[in-house]
Trainee: 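One structure is given below, represented as structure tokens, and several questions about it will come after.
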There are 2 protein chains.
Amino acid sequence: MTAESSRITARGGVRADARRNRERVLVAARAVFAEHGIDAPMATVARRAGVGVATLYRHFPTRDALVRGAFAQQTETCVRALAEALAVPDPWQGFQHLVETVCALQREERGFPAAFLAAFPESTSEHARSRQRAERDFTTLVRRAQASGALRADFHPSDLAVVLLAHCALVTALPDDGAASRRLVAYLLQSFRAGTANEPLPPPTALTLRSLPIAAGNPRRQ
Amino acid sequence: MTAESSRITARGGVRADARRNRERVLVAARAVFAEHGIDAPMATVARRAGVGVATLYRHFPTRDALVRGAFAQQTETCVRALAEALAVPDPWQGFQHLVETVCALQREERGFPAAFLAAFPESTSEHARSRQRAERDFTTLVRRAQASGALRADFHPSDLAVVLLAHCALVTALPDDGAASRRLVAYLLQSFRAGTANEPLPPPTALTLRSLPIAAGNPRRQ
DNA sequence: CTCCGAACGGACGATTGCGTCCACCTGAGA
DNA sequence: TCTCAGGTGGACGCAATCGTCCGTTCGGAG
């Protein structure tokens, strides 16, 4: 009965203030990651959330856990987008929808791209499974679009990774309104489309060659 | 005469061992930056060069100075590529040559992309001038290619920055043989070409969605 | 060969971030 | 209201990196 009583203390067995703090930490984490990148000090997140460091560590033992928690919702959206894409009748539109949705997500939630690409290194078997499944579904989407003749035959599913990786850099490096991102995506989608002429593009960016973005080197995390 | 005598001590007024060490530091810096990213500890560079930390700092007071020194040659190559591109008779080929050369450089010398994009924030007026000039020349190259009808009319010079930034991420993140890079560049160049059908692509990468590259967040350097 | 000062290497203090420990506080069941 | 398990915050010890200081070494002019 001891277990019983303690488990019922509150909604889901977690004390109300604990649950509230967890939420505050997640909000703060998203804000801080967006502002300072995914490597921002844990203490910064804690301060922003108005909690102590220990509290943060109790809820999320590792930085990875925090990152995963912070962007769980966005990851969910990606999975949903894939399902939606497969549901769209026109194969090309489905493909386009997927690419644009994921890129838009990367664009809107700064910090998410890196989190997304961090790729759940070890992760639970559940994550591995869902990821594997996403890959299979995407391949299906590609084959379907190619069969319809709208997607060029030599497009390879791995090209999606190339696109996302490249696009990631853009949105991470630019404090931008997203013009650069939209432009890159438009260029690429036009290349992906089987043998078409050029279509209109979104407006160009205000970048100059002597522009600001300092792309910090990327030490291999080991 | 004191100035005279000290200035003539050696080739260029610098002691022989000093000049030798400077060179060793530069070589080490390129190697270390390529391996661990541009944020690698200064001490690592010093150790690799077989010199003390102080020596490193004496030759290059700041990390920026070191980075700039290490990749001066590559920067020079970029400038030369631009001149070459303008010299090519066929405007499209000139344009293509430039994009491919710069991207190849980014690909070959890992660490250089970030350095290149670091964009000499303040830098000497000389650097500023040479950069401004590069921009002007590139615009000329673009206009010429557009006038010939080979480059799509809505290509904007700022798109080069978009390409380089995106491409930078790819080569920085992937320990790759360059397949992804070549593929991205090919896709983009096809999009840039005015109203053409698809042309053959380099082979796809071996990336999977659950792939390795961890794109570290990129805290705005401040 | 002798001597001077430029160049050298390594130690050092300062700064910053990480993750844990412990004493205090509080929500909620009795 | 009372009680206490679980929650909380901040201080702390540890590790990594930075940039400087200082005593020593060695190139090269006379």
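No experiment lies behind these values; they were computed from the predicted model shown.
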Trainee: Do you know which of B:Val67, B:Thr55, B:Leu26 makes side chain to side chain contact (heavy atoms under 4.5 Å, CB included) with B:Phe60?
Mentor: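 Result: among B:Val67, B:Thr55, B:Leu26, B:Leu26 is the only option passing the side chain to side chain contact (heavy atoms under 4.5 Å, CB included) with B:Phe60.
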Trainee: Can you pull every protein N or O that's under 3.5 Å from an N or O on nucleotides 17-21 of chain D?
Mentor:
| residue | atom | partner | partner atom | Å |
| --- | --- | --- | --- | --- |
| D:dC18 | OP1 | B:Arg63 | NH1 | 3.1 |
| D:dC18 | OP1 | B:Arg63 | NH2 | 3.4 |
| D:dC18 | OP2 | B:Met42 | N | 3.0 |
| D:dG19 | OP2 | B:Tyr57 | OH | 2.6 |

Trainee: The side chain of B:Val51 lies closest to which of these nucleotides: C:dG27, C:dG9, C:dC8?
Mentor: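 Closest of the options to the side chain of B:Val51: C:dG9.
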Trainee: Got a list of protein N/O to nucleotides 3-5 of chain C N/O distances below 3.5 Å?
Mentor:
| residue | atom | partner | partner atom | Å |
| --- | --- | --- | --- | --- |
| C:dG5 | N2 | B:Arg15 | NH1 | 3.3 |

Trainee: Using OP1 and OP2 only, check whether a side-chain N or O of A:His59 sits under 4.0 Å from D:dT8.
Mentor: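 So the side chain of A:His59 is within the cut-off, an N or O lying under 4.0 Å from OP1 or OP2 of D:dT8.
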Trainee: Could you label the plane-to-plane angle of the A:Tyr187 and B:Phe155 rings as parallel, tilted or perpendicular, counting under 30° as parallel and over 60° as perpendicular?
Mentor: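 Tilted.
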Trainee: Would you please confirm or rule out a distance under 4.0 Å between OP1 or OP2 of C:dA7 and any side-chain N or O of B:Asn21?
Mentor: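 Checking B:Asn21 against C:dA7: no side-chain N or O falls below 4.0 Å of OP1 or OP2.
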Trainee: For B:Gln73, give me all partners under side chain to side chain contact (heavy atoms under 4.5 Å, CB included), at least two apart in sequence or on another chain.
Mentor: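 Per chain and number, B:Gln73 pairs via side chain to side chain contact (heavy atoms under 4.5 Å, CB included) with no residue.
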Trainee: Can you tell me if B:Thr55 touches the phosphate of C:dG9, counting only side-chain N or O atoms and a distance under 4.0 Å to OP1 or OP2?
Mentor: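 Yes, such a contact exists.
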Trainee: We want to know whether A:His167 and A:Ser181 form a side-chain donor-acceptor pair, criterion being a heavy-atom distance below 3.5 angstrom.
Mentor: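 The answer is yes; a qualifying pair exists.
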Trainee: Please identify each residue that fulfils side chain to side chain donor-acceptor pair (under 3.5 Å) with A:Glu23, with sequence neighbours left out.
Mentor: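 Partners of A:Glu23 under the side chain to side chain donor-acceptor pair (under 3.5 Å) test: none.
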Trainee: Whole angstrom is fine here: how far is it from CG in A:Leu56 over to P in D:dG10?
Mentor: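 Between P of D:dG10 and CG of A:Leu56: 13 Å.
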Trainee: Between atom CG in B:Asp17 and atom C1' in C:dA6, what is the gap in whole Å?
Mentor: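 So the two atoms are 9 Å apart, to the nearest Å.
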Trainee: Measure the distance from CZ on A:Arg20 to C1' on C:dT26 and round it to the nearest whole Å.
Mentor: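 Rounded to the whole Å, the gap is 11 Å.
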Trainee: Check step by step if side-chain contact (heavy atoms from CB on, under 4.5 Å) holds for A:Val88 and A:Glu84.
Mentor: CA-CA 6 Å; A:Val88 172; A:Glu84 283 170 18; 5.6 Å; no
Trainee: A:Ala49: which residues meet the side chain to side chain contact (heavy atoms under 4.5 Å, CB included) condition with it, sequence neighbours left out?
Mentor: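 Testing A:Ala49 for side chain to side chain contact (heavy atoms under 4.5 Å, CB included), a comparison that skips the adjacent residues, returns A:Val25, A:Ala28, A:Val51.
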Trainee: Going by side chain to side chain contact (heavy atoms under 4.5 Å, CB included), name the residues that satisfy it together with A:Ala29, two or more places apart in sequence or in a different chain.
Mentor: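 If we apply the side chain to side chain contact (heavy atoms under 4.5 Å, CB included) test to A:Ala29, skipping adjacent residues, the hits are A:Phe33, A:Val45, A:Leu66, A:Ala70.
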